[in-house]
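When reading the values below, keep in mind they use all heavy atoms of this one structure, side chains included, and skip hydrogens, waters and symmetry mates. Here the structure is a predicted model, which is why all the values come from computation and not from measurement.
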Amino acid sequence: MAKFILLFLKLLAILYTVQAVFEDQVGKFDWKQQYVGSVRFAHFDNQIQSSKKVLVATEKNVFAAINTRTGELFWRHVDKTGPEGNIDALLLQGQDAVMVVGDGRILRSWEVNVGGLNWEMVLDSGSFQSASLVGHQEHVKYVAVLKKAAISLHYLSNGHQKWIENLPESDSVDYQSVYSEGKGEVFVLGLVPHSHITVVVYSIDDGEILKQFTVEAPWMPDLQSSCSVIGKGMLTCVDAVVSSALTHCTFLPLQSIGLEVSSGFRPVLVSSQPNAARPPLSEFFLQIGPDQHVLLQLNKGQILTLRDFKPAMLVSFATTGEKTVAAVMSPKNKTASSINLFSAETGRRLLDTTLIFTMDPNGGKPEKVGLITNGSGFPGRVLWTREEALSDVVTMEMVDLPLTATQAELEGEFGKKADGLMSMVLKRLSSQLILLQAWLSHLWKLFYDARQPRSQVKNEVTIENLSRDEFNLQKMMVMVTASGKLFGIDSKTGTIVWKHYLDNVPSNAAFKLMVQRTTAHFPHPPQCTLLIKDKDTGLATLHVFNPIYGKKSHVTPPLLPQPILQSMLLPLMDQDYAKVLLLVDDQYKVSAFPSTKNVLQQLQDVASSVFFFLIDANQGRLSGYRLRTDLSTELIWEVVIPAEVQKIVTVNGKKANEHVHSQGRVMGDRSVLYKYLNPNLLALVTESTDQHQERSFVGIILIDGVTGRIIHEAVQRKARGPVHIVHSENWVVYEYWSTKSRRVEFSVIELYEGMELYNSTVFSSLDRPHAPQVLQQSYIFPSAISAMDATLTEKGITSRHLLIGLPSGGILSLPKMFLDPRRPEIVSEQSREENLIPYAPELPIRTEWFINYNQSVLRVRGIHTAPSGLESTCLVVAYGLDIYQTRVYPSKQFDVLKDDYDYMLISSVLLALFFATMISKRLAEVKLLNRAWR
Amino acid sequence: MPSVAYGNAVHAGICSSVHRLPVFSSVKMSRSVTIHFAVLSSLCFLLLSRFVNCNNGRRIGDSLDAELSGFSVPLEHSFEVDDVTTFRVRGALILKPGREQSVSLYQNQLSEEDRIKLKEVAAVDGLYKVRIPRVSLQADRMERQMEGHLTAFVRACAMVESHLSDVLTLHTDVSGVLIAVSIVTIPGACRGTEVEDEVDLEVFNTTLTVMAPVSAPGPETAFFLERLEQETEKKGKNPQEQKSFFAKYWYLILGGAIFLMLSNSAQPPPGGAREQS
């Protein structure tokens, strides 16, 4: 046994010496960006004048503090995803931020300076309606939480419940808001739609009902959006035609104060209560049109118009000390907006408070305006922007950067058409001159930079100096986000080089990003195509752009009037080196983009070898089609997996840019086991509709996409999803939840042709009559996983690793060697010869396998890998809530000299040897001469 | 829940009719696949798909009664020069109810007209398609037909050049419902060899297989634990193995320590001025 363990350890030591980064390498090859998501609640921490924090609670269930000067995160708390971690309300009082989480399940209080948790209380069940701070005698001491059938009051200091009371008639009355103005009473407002408003007044001390009355309001549809308490105890509601006050119900037609609501618009009230212990302001905004706001004042039951703002996009109140100002954002022209400040009491404009900022037309729409009032005035420019769209990346590609201008000049010479000897000579001379000039300017820059201290030399990434490096390690990351905003990010530094906001992206859009032309075809610019498809209607649009500069291409994409079923990128190229994109519509007609004559001609030639498949997951129907020369299609195979038993979850093909270096594996007895490398193989994952833990199963079907032939069909019993799958070379790795053992398990399937190849020159799905040998083995994995992919290198020589995103924030680089169905249970001489690791049911997680050391990447949704120019190096981007980019070396840097390589030693040894040979040669000559004389 | 016959050998009867004198035989041929590794999945694969090739001298009348007690579905094929799909009956699949699923195939021979057409289709590299209706192989659900067909294809030239020797595989899901049919010819390649003899294209030489999904293995903890136990037992028997690390290698450690001490004391510490390059 000891011998065995020693051998095993030796084996490991040889294969995997430590793969961690050194301390001085931290951040050298990797970067991380943290995001919070789209903001739901935001509060400025204006307790102290010098405070520079804005607290945000977001749609992604993240609570964070952002530095108002730099836009960086002070701290961030990430809660559970889904409704469990949903932030219902955020209230800020002094140094405490009170949060209601998970539909009123949990009440939390945070300390905003360091982001520590003050206390947490689990509340009684009941669906959450509203929460409010409750003040008493000029101090805010309590927080009131209103639920569907009960109201509870909690101490702000420790969260303990002061009292809880059931609401009267809670089954008929829809209680919607809670309000207090610091006089020892809590008002609860309820509504019976289209009938009346109920007001219940509780005593703060013991929760006794002091008063209860109703107000007839048959026109009222909803309380929260159209009503607001304004001034001293006046509930002001607005309807399309009427305005009413709470205590003595008066109806005030808006026309009487000279206001007209735009037709079809529901007016909205905006009011402000700067201090929970005092009544709200008597001034309020009324939005009466999509871009019209009116500042009104309620004075002794009369409503006065202070100022009419039109056009105004967003309005907000801000309080500093005793003063309250109103901020109004209005559009100036198409790209710029101005923010003006007005005195809330009089409606007069405050001097020198105009702030104009240009809005990038690609920046999307502003949603909220907040003000930082620190008395020093405004710098008049945008301090920072955070691209929170990047917290929801859907798909991405990595595109090679273009050549430098000088390299491009030389290349261009070959690209142009030849016209005469003389002009060619002139062209060559001119390009050589340009090269000389570039070299001189480079020398000058070196000289100039050398005189400056190192810290001042700027290394900013701009579009101008983007160029490919020696080993193609720097690339352009094109990221598509769910909101329809595209980003171009430099992979080396993480700088956003360009962004482009797409209008009219449906909210349920599916995206597919394709690289039609890479940067390799100078002078033609690289070209990416984004297919945006509405999931409901199936209608699609194409956005064609340059991935390096983000500009929309001048190539007009075809209009697609029919719903699109399938799209595919063919390896065919048109005369401009753009790959042909085929789109199949719901009439099974195929259209090509670009659709020049040349392309159509080529398509006709290859039509009989163009096959594609369609999958209808709802009915479990897979069907294969063949292209005809007239671009119509012909149904050639059909497979139906009954949807009543199992439903198709994932279909996973192989990556198109994958290379496999070796066709087989050398076995212990020196024979070769050939891999079954079918580029058309699809891995289909199904899950049983029966969710009972004894009967649920996960099905894996390997099917040939051309012939529809099922290569292998396996069922993992007592298993459930979510299934993560990686399909590459001749193997499929998938992960599932074992309901029997209650653990995560990995399984690997490998396909082999056997000891001899059927046809070693070319693979054709139409001519492989023999089914491959299938080997499978399963393992226990000691953690849940959130995303998975495999490393990818230029030539496929480097050994493969699986990159696994864990919920804990780590990204694990697990050698594929551990997932090898040929791992022997009993070690033999031959398996030792092959370097097979003896079978152990559990896969290890070693800390040095975490490629992101302590840089946790939360909620990883996808991992993208791309090859670099170095065979040993693979670029990795993990995206989710955060974005993390790094390089991995699965077989170590076998083609790179180490950083501390001793050039001095090797050159001095060489020189010494050189001189030694010279001297010894001379000596030998002398000796020979002497011998001749003798 | 109907018991699903996993692990049971699937019996597949294959039948080829020879020129109006249909004779049958049943010669079992175990598939000769060299198993180089004892891997469960491939074993399962072999267990589940036993090939049966029929070619004996039993007269059709002898077995027909027994065979026809099953449920029959048509096997259709289509081969057209102009790529229009029109399916015609090629034969019939007889699904026999019972604990052991059994499928056998009766097929007609190709007519003169069809032979010529097949050669024509092969000449223009057309496709030869087959289809069967969606049915369940489970006894209790056999009568109920589901909507739609399962289709597969092979190049017509491969069909011609292999002299109609094809392998039909029926794939079922866990509940025994047919989900796919696949057809390959052996040999599968189209080399452009001319088939002179018309007789070669008369009779189908079909091998029929039914494939049910294999059970994927789970992690083999039991075996691993057993092996670990054996190892510890072995270790317990051998007292020499129980010695601690220091007990075994004390002399090496001592020697190393002495060597280190000597070498340290022998070499005076280098001057502080020396820099490391």
Side-chain angles (χ1 to χ4, degrees), chain A residues 1-2 4 608 621 623 626 628 634-642 645-646 667 673 688 695 697 699-701 703 707-710 712-717 738 740-741 745 747 749 754-755 759 766-770 773-780 821-822 825-826 839-842 902 904, chain B residues 1 33-37 39-42 45 83 85 125 127 129 131 134 146 148-155 158 167 169 171-175 177-190 211-221 223-225 227 231-232 234-235 241 277:
Chain A
M1 181 67 191
F4 162 70
S608 64
R621 182 180 296 273
S623 36
R626 182 164 83 149
R628 287 187 187 149
E634 179 187 2
L635 178 73
I636 49 174
W637 58 265
E638 265 181 300
V639 169
V640 185
I641 297 162
V645 182
Q646 50 191 337
M667 316 255 286
L673 184 62
S688 61
R695 293 189 295 271
F697 64 87
I700 300 289
I701 299 172
I703 185 167
T707 61
R709 182 178 174 203
I710 291 183
H712 182 66
E713 190 187 355
V715 171
Q716 198 83 48
R717 293 189 177 274
S738 163
K740 185 186 166 204
S741 314
E745 290 177 4
S747 196
I749 299 176
M755 289 303 163
N759 179 351
L766 297 170
D767 179 18
R768 285 279 143 152
H770 304 294
Q773 296 174 15
V774 182
L775 310 179
Q776 184 164 15
Q777 214 169 49
S778 298
Y779 314 89
I780 304 162
R822 301 185 56 245
E825 269 158 11
I826 295 153
Y839 180 78
E842 187 163 355
D902 206 340
M904 283 301 285
Chain B
M1 195 194 144
V33 173
T34 38
I35 310 160
H36 287 266
F37 345 89
V39 175
L40 190 81
S41 61
S42 38
F45 170 79
D83 282 353
T85 313
D125 195 17
L127 302 181
K129 297 177 202 162
R131 76 168 186 191
R134 291 177 59 203
M146 284 158 276
H149 286 85
L150 306 170
T151 319
F153 77 99
V154 71
R155 289 166 78 186
V167 179
T169 313
H171 297 268
T172 68
D173 73 348
V174 279
S175 56
V177 177
L178 285 187
I179 60 166
V181 59
S182 76
I183 178 169
V184 289
T185 59
I186 293 175
C190 281
M211 296 267 273
V214 297
S215 266
E220 301 216 15
T221 37
F223 187 86
F224 184 75
L225 290 176
R227 203 182 64 194
E231 297 287 349
T232 42
K234 238 194 235 169
K235 209 171 151 189
E241 293 283 317
S277 56

Where do A:I636 and B:K129 come nearest, in terms of heavy atoms and distance? CG2-CE, 4.0 Å
Are A:V645 and B:V177 close enough, and set up right, to give a side chain to side chain contact (heavy atoms under 4.5 Å, CB included), and what steps lead you there? CA-CA 10 Å; A:V645 182; B:V177 177; 5.7 Å; no
Audit row: A:I710, B:I179, side chain to side chain contact (heavy atoms under 4.5 Å, CB included) steps and yes/no: CA-CA 10 Å; A:I710 291 183; B:I179 60 166; 3.8 Å; yes
Looking only at heavy atoms and a cut-off of under 4.5 Å, which of A:L766, A:L635, A:I641 has the most pairs with chain B? A:L766
For the pair A:S778 (side chain) and B:P217 (backbone), establish whether a donor and an acceptor sit closer than 3.5 Å, ignoring hydrogens and angles. yes
Working for side chain to side chain contact (heavy atoms under 4.5 Å, CB included), residues B:M211 and A:E713: CA-CA 9 Å; B:M211 296 267 273; A:E713 190 187 355; 5.6 Å; no
d(A:R626 CZ, B:F153 CZ) to nearest 0.5 Å is 7.5 Å
To the nearest 0.5 Å, tell me how far B:S175 OG sits from A:Q646 CD. 7.5 Å
Grab the two heavy atoms, one from B:R227 and one from A:I826, that are nearest each other, plus how far apart they are. NH1-N, 4.2 Å
Shortest non-hydrogen contact from A:D767 toward B:G188: OD1-C, 3.2 Å
Distance col, row B:H171:NE2 vs A:I703:CD1, nearest 0.5 angstrom, shows 8.5 Å
Heavy-atom pairs under 4.5 Å with chain A are the metric here; pick the option from B:I186, B:L127, B:V181 that has the most. B:L127
Report the C-alpha separation of A:R709 and B:I183 in whole Å, then their side-chain angles, then the decisive distance to 0.1 Å, and conclude whether the side chain to side chain contact (heavy atoms under 4.5 Å, CB included) test is met. CA-CA 8 Å; A:R709 182 178 174 203; B:I183 178 169; over 6 Å; no
Are any of the side-chain nitrogens in A:E638 or B:R134 under 4.0 Å away from the carboxylate oxygens of its partner? no
Minimal non-hydrogen separation, A:P769 against B:T185, with atom names: CB-O, 3.4 Å
So CG of B:D173 and OG of A:S688: to nearest 0.5 Å the spacing works out to 11.5 Å
In short, A:V639 meets B:A180 closest at the heavy-atom pair CG2-CB, 3.6 Å
How far apart are the closest heavy atoms of B:A216 and A:Q716, and which atoms are they? CB-OE1, 3.2 Å
Return yes if some donor-acceptor pair links the side-chain N/O of A:Y779 with the main-chain N/O of B:E220 below 3.5 Å, else return no. no
